Protein chains: 2
Amino acid sequence: MNTGTKRSHQREAIILYLKGRKDHPTAEKIYTDLKEEMPNLSLGTVYRNLSLLSDTGQINKLSFAGKTDHFDADTSPHYHVLCEKCGAVEDLNMPYDYSMDENAGNLYEGIITSHSTVFTGICTNCCRNGEII
Amino acid sequence: MNTGTKRSHQREAIILYLKGRKDHPTAEKIYTDLKEEMPNLSLGTVYRNLSLLSDTGQINKLSFAGKTDHFDADTSPHYHVLCEKCGAVEDLNMPYDYSMDENAGNLYEGIITSHSTVFTGICTNCCRNGEII
DNA sequence: TATAATAACAGTAATAATTACTATTATTTT
DNA sequence: AAAATAATAGTAATTATTACTGTTATTATA
């Protein structure tokens, strides 16, 4: 019998790495960090596995204007904060508002299944450091 | 005296074009469409002006996972629907919820200034055509 | 109105992010 | 243990975007 997919140390390292962090690293960041323990890891392998994991719903790809994609191993619905000073992407501990999908669905002739919200502002760290935009 | 910026037919054509449509075209789409009336328009000029207009707040750059950027001449706060079947980006006629920013600000140690929400689903057209994901 | 200053342009080259290709290696099935 | 094949490393190619350069267009001022 054929499962169609085989495990690999590389893929498992990638998902383990992602699950172990709260920031939302880019493909490049994942690559350079993992390369320390897997010296002949290839950047293409990282991209291929991120796509595969994203396509199978095991991780999420996050997209922001003018920034390269970030990846998140937490696939439960939640919101993000993007710092316009330093570019950091953080989780926001605010309950996902399912009623927004309902409301949107009632106003829209097509089908609404979910929403993705990114808050913009200045992150805790940059505020502490007294940064102004 | 020096204003620092000079008008150009190209830039005015770009913003006029964007204001005249409700979809949210990509740089490439803007370029190919405008090239018909301005045959020696350059793609670099389109990108340069989209950046300039975006930086000065005259238009907005929209970013979606796995898609190239789209541009919107409507800078008032509003929501979008992304069709996961055909990739279309439409406006959603639903009032911008300022209370979300308040709520987020109360829960977050940093500063929240705004939010950007994209609803995902199947657009009116694809629904009409009986498309299933 | 003509001239000078310079922003913007077209066209092209360069860069950055991502994907595709290929021979080899690792995993899984039999 | 052998056969089948998914995944890899390394490299090449592609795509989206930005940078460069000599020329053109716009604007300020004489």
Side-chain angles (χ1 to χ4, degrees), chain A residues 1-18 23-56 58-72 82 87 89, chain B residues 1-18 23-56 58-72 82 87 89:
Chain A
M1 191 260 193
N2 190 347
T3 59
T5 174
K6 288 175 179 169
R7 317 172 68 178
S8 80
H9 295 302
Q10 290 84 344
R11 180 155 57 242
E12 273 157 34
I14 289 167
I15 194 154
L16 204 67
Y17 170 88
L18 265 184
D23 63 344
H24 306 78
T26 62
E28 190 72 37
K29 169 74 172 159
I30 296 167
Y31 169 67
T32 50
D33 280 4
L34 285 180
K35 198 162 175 70
E36 287 182 26
E37 42 184 272
M38 304 179 105
N40 49 3
L41 176 67
S42 170
L43 181 56
T45 295
V46 173
Y47 273 108
R48 183 164 21 76
N49 279 298
L50 288 174
S51 293
L52 189 155
L53 293 167
S54 181
D55 289 347
T56 55
Q58 298 177 261
I59 65 173
N60 275 130
K61 186 192 268 192
L62 310 179
S63 224
F64 308 97
K67 290 171 66 73
T68 184
D69 288 338
H70 290 240
F71 293 89
D72 189 350
L82 170 63
V89 179
Chain B
M1 191 258 192
N2 190 348
T3 59
T5 173
K6 288 175 180 169
R7 317 172 68 178
S8 80
H9 294 302
Q10 289 85 343
R11 179 155 58 242
E12 272 157 34
I14 289 167
I15 195 155
L16 204 67
Y17 170 89
L18 266 184
D23 64 344
H24 306 77
T26 61
E28 190 71 38
K29 169 75 174 158
I30 297 167
Y31 169 67
T32 51
D33 280 3
L34 285 181
K35 197 161 175 71
E36 287 181 27
E37 43 185 272
M38 303 179 104
N40 49 4
L41 176 66
S42 170
L43 181 56
T45 295
V46 173
Y47 273 108
R48 183 163 24 76
N49 279 299
L50 289 173
S51 294
L52 189 155
L53 292 167
S54 181
D55 290 346
T56 55
Q58 298 177 262
I59 65 173
N60 274 130
K61 185 192 271 192
L62 310 178
S63 223
F64 309 97
K67 291 171 67 73
T68 183
D69 288 338
H70 290 240
F71 294 89
D72 189 351
L82 171 63
V89 179

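Here is how names work: the chains are called A, B, and so on, in the same order as the sequence lines, proteins then strands, and each is numbered from 1. Keep in mind that this is a model prediction, so the values were computed, not measured.
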Report all interatomic pairs (protein N or O, nucleotide N or O of nucleotides 16-23 of chain D) with separations under 3.5 Å.
| unit_1 | atom_1 | unit_2 | atom_2 | d |
| --- | --- | --- | --- | --- |
| D:dA16 | O3' | B:Thr68 | OG1 | 3.3 |
| D:dT17 | OP1 | B:Thr68 | OG1 | 3.4 |
| D:dT17 | OP2 | B:Tyr47 | OH | 2.4 |
| D:dT17 | OP2 | B:Thr68 | OG1 | 3.2 |

[X] has an atom [atom1]; how far is it from atom [atom2] of [N], in whole Å?
| X | N | atom1 | atom2 | answer |
| --- | --- | --- | --- | --- |
| A:Glu12 | C:dA26 | CD | P | 15 Å |
| A:Leu41 | C:dT25 | CG | P | 17 Å |
| B:Lys67 | C:dT19 | NZ | C1' | 18 Å |
| A:Asp55 | C:dT19 | CG | P | 10 Å |
| A:Leu52 | D:dA6 | CG | P | 12 Å |
| A:Ile14 | D:dA9 | CD1 | C1' | 13 Å |
| A:Arg11 | C:dT28 | CZ | C1' | 13 Å |
| A:His70 | C:dT18 | NE2 | C1' | 15 Å |

May I ask you to evaluate whether [X] reaches the phosphate of [N], defined as a side-chain N or O under 4.0 Å from OP1 or OP2?
| X | N | value |
| --- | --- | --- |
| A:Asn40 | C:dT25 | no |
| B:Gln10 | D:dA25 | no |
| B:Ser42 | C:dG11 | no |
| B:His9 | C:dA8 | no |
| A:Ser8 | C:dA26 | no |
| B:Arg7 | C:dA7 | no |

> Just checking, is any N or O donor in the side chain of B:Arg48 or B:Ser51 under 3.5 Å from an acceptor N or O on the other one?
Replying inline: no
> Is any side-chain heavy atom of B:Glu28 less than 4.5 Å from a side-chain heavy atom of B:Leu43?
Replying inline: yes
> What are the two closest heavy atoms between B:Leu82 and B:Val89, and how far apart are they?
Replying inline: CD1-CG2, 4.0 Å
> What are the two closest non-hydrogen atoms of A:Leu41 and A:Tyr31, and how far apart are they?
Replying inline: O-CE1, 3.3 Å
> Roughly how far, to the nearest 0.5 Å, is CD1 of B:Ile15 from CG of B:Asn49?
Replying inline: 9.5 Å
> Which residues pass the side-chain hydrogen bond (donor to acceptor under 3.5 Å, both in side chains) test with A:Thr26, sequence neighbours left out?
Replying inline: none
Considering only distance and modelled atom types, tabulate donor-acceptor pairs under 3.5 Å from the side chains of residues 64-72 of chain A, sequence neighbours left out.
| unit_1 | atom_1 | unit_2 | atom_2 | d |
| --- | --- | --- | --- | --- |
| A:Lys67 | NZ | A:Gly87 | O | 2.9 |
| A:Asp69 | OD1 | A:Ser63 | OG | 3.0 |
| A:His70 | ND1 | A:His24 | O | 2.5 |
| A:Asp72 | OD1 | A:Asp74 | N | 2.8 |
| A:Asp72 | OD2 | A:His24 | NE2 | 3.3 |
| A:Asp72 | OD2 | A:His78 | NE2 | 3.0 |
| A:Asp72 | OD2 | A:His80 | NE2 | 3.1 |

> The side chain of B:Lys6 lies closest to which of these nucleotides: C:dA10, D:dA7, C:dT6?
Replying inline: C:dT6
